[in-house]
Amino acid sequence: MTNASHIMTSRAEAPLADGRRERSRSSRSKIVAAMVDLVGKGDVAPSAARVAEVAGVGLRSVFRHFDDMDELYREMGEVIAAQVMPIILEPPSGASWKEKLFDIADRRAMVFETILPYRISANLKRFQSPYLMQDYRRMLRLESDTTEAHLPVSVKADVAGTRSLNVILSFQTWRLLRHDQELPFEDAKAVVRRLLSDAMSGMPED
């Protein structure tokens, strides 16, 4: 083949390869979007077949893009994290540490409400998934670290008191109130604020 022919063939093949890559990216995005949609609507343990159906792709396509459901859960987690991490990491407002914790409580109410079905879904699977168990523990550390970062030394010295604050501001407490007890959002938020106020009432101001 002459150089000219080779160049012409390469140019003809390039759009085909680009088209295949674009279709592959599109299929992958549809699969992740389907997973997010299903879990968000309450199907906390969707099958690969159901994900494929909602995504409008074949079942083989799901496992062509994802080695297993664990990987799909990981992608879903990244989508949700991109939505909520800026809110979680934003410095809380307030003149005192107690005011800052109330701000954290209100902000977490919004975040936890957003991630509620996704965290429930992941919790159901974490005992069969090293990745999801690792992610669960990572989120626990993030919750406690972002709370304790605003506590004065005198409060941190009270280990039991610090742990009680972490429990009150945890996702598990929010899940108990919203999912298990089925409290409306504002009622659940009021319970958390009341628990937090009672817990902090006997703690030093600084």
Side-chain angles (χ1 to χ4, degrees), residues 16-90 104-146 166 169-186 188-189 192:
L16 294 175
D18 290 343
R20 283 194 295 270
R21 281 194 292 269
E22 183 57 38
R23 285 193 297 273
S24 178
R25 283 193 294 266
S26 178
S27 294
R28 187 180 180 90
S29 296
K30 288 177 181 177
I31 293 166
V32 175
M35 182 72 171
V36 171
D37 183 57
L38 283 167
V39 174
K41 290 179 178 177
D43 186 352
V44 294
S47 65
R50 181 62 178 141
V51 171
E53 179 185 355
V54 173
V57 301
L59 181 57
R60 289 183 180 180
S61 183
V62 173
F63 292 110
R64 187 162 57 246
H65 290 285
F66 301 93
D67 291 336
D68 50 33
M69 291 298 287
D70 236 26
E71 189 178 351
L72 188 48
Y73 271 93
R74 183 182 291 110
E75 289 267 353
M76 180 178 71
E78 290 176 359
V79 170
I80 303 306
Q83 296 178 23
V84 301
M85 286 306 292
I87 302 172
I88 293 173
L89 298 177
E90 182 182 348
I104 289 173
D106 290 344
R107 196 177 306 168
R108 286 191 185 178
M110 294 186 295
V111 170
F112 290 162
E113 191 68 11
T114 299
I115 68 174
L116 185 61
Y118 307 103
R119 285 285 293 272
I120 290 174
S121 176
N123 281 343
L124 290 174
K125 302 282 289 184
R126 65 185 167 91
F127 293 101
Q128 293 83 41
S129 167
Y131 163 73
L132 291 176
M133 182 61 78
Q134 181 183 30
D135 191 60
Y136 169 75
R137 289 172 175 159
R138 181 182 64 82
M139 290 305 296
L140 289 182
R141 288 194 301 272
L142 178 63
E143 287 176 9
S144 62
D145 288 349
T146 53
N166 281 324
L169 294 172
S170 70
F171 172 80
Q172 299 301 336
T173 295
W174 187 257
R175 178 197 55 76
L176 174 68
L177 296 172
R178 288 286 287 128
H179 185 262
D180 296 357
Q181 297 186 6
E182 299 182 333
L183 294 184
F185 176 84
E186 291 298 334
K189 186 176 173 181
V192 170

To the nearest 0.5 Å, what is the distance between CD1 (I80) and OG (S121)? 10.5 Å

Taking all non-hydrogen atoms of both residues, which atom of V62 and which atom of I31 are closest, and how far apart? CA-CD1, 3.8 Å

Separation between NZ (K189) and CG (D106), nearest 0.5 Å, reads 4.0 Å

Report yes or no: does R50 contribute a side-chain atom to a donor-acceptor pair with the main-chain N or O of D43 at less than 3.5 Å? no

Check whether any side-chain N or O of R178 sits under 3.5 Å from a backbone N or O of L183 as a donor-acceptor pair, and report yes or no. yes

How about M139 and F171: do any of their side-chain heavy atoms sit closer than 4.5 Å? no

Considering all heavy atoms of both residues, which atom of V192 and which atom of W174 are nearest to each other, and what is their separation? CG2-CE3, 4.1 Å

Spatial distance of atom CD (Q181) from atom CG (L177) [nearest 0.5 Å]: 5.5 Å

For E113, is there an ion pair with R107 - N to carboxylate O distance below 4.0 angstrom? no

Approximate separation, where rounding is to 0.5 Å, of N123 CG and R119 CZ: 6.5 Å

Under the criterion side-chain hydrogen bond (donor to acceptor under 3.5 Å, both in side chains), I'd like the reasoning laid out for S144 against N166: C-alpha separation, chi angles, the key distance, then a yes or no. CA-CA 6 Å; S144 62; N166 281 324; 5.0 Å; no

How far apart are the closest heavy atoms of P46 and M69, and which atoms are they? O-CE, 3.6 Å

All heavy atoms of S27 vs all of S61, minimum pair found to be CB-OG, 4.2 Å

Heavy-atom side-chain proximity of M85 to L142 below 4.5 angstrom: yes

Using a 4.5 Å cut-off on heavy atoms from C-beta on, say whether the side chain of R175 contacts that of I120. yes

Nearest 0.5 angstrom please: E75 CD to E78 CD, how far? 5.5 Å

So, the side chain of R126 versus the backbone of L132: is there a donor-acceptor pair under 3.5 Å, distance only? no

Applying side-chain contact (heavy atoms from CB on, under 4.5 Å), run through T114 and M110 and close with a yes or a no. CA-CA 6 Å; T114 299; M110 294 186 295; 5.6 Å; no

What closest approach, in Å, do V44 and P117 show between heavy atoms, and which atom pair accounts for it? CG1-O, 4.1 Å

Do the side chains of M133 and R137 get nearer than 4.5 Å, heavy atoms only? yes

Is the shortest side-chain N to carboxylate O distance from K41 to D37 below 4.0 Å? yes

Please walk me through it: do R108 and T173 pass side-chain hydrogen bond (donor to acceptor under 3.5 Å, both in side chains)? CA-CA 11 Å; R108 286 191 185 178; T173 295; over 6 Å; no

Should the pair R28 and F66 be classed as cation-pi, given the thresholds of under 6.0 Å to the six-membered ring centre and 45° from the axis? yes

Between M76 and L72, is any pair of side-chain heavy atoms under 4.5 Å apart? no

Which heavy atom of L169 sits nearest to which heavy atom of F112, and what is that distance? O-CE1, 3.5 Å

Any donor-acceptor pair under 3.5 Å linking the side chain of Y118 with the backbone of G77? no

Apply salt bridge (Lys or Arg N to Asp or Glu O under 4.0 Å) to E71 and R64, showing your working. CA-CA 12 Å; E71 189 178 351; R64 187 162 57 246; over 6 Å; no

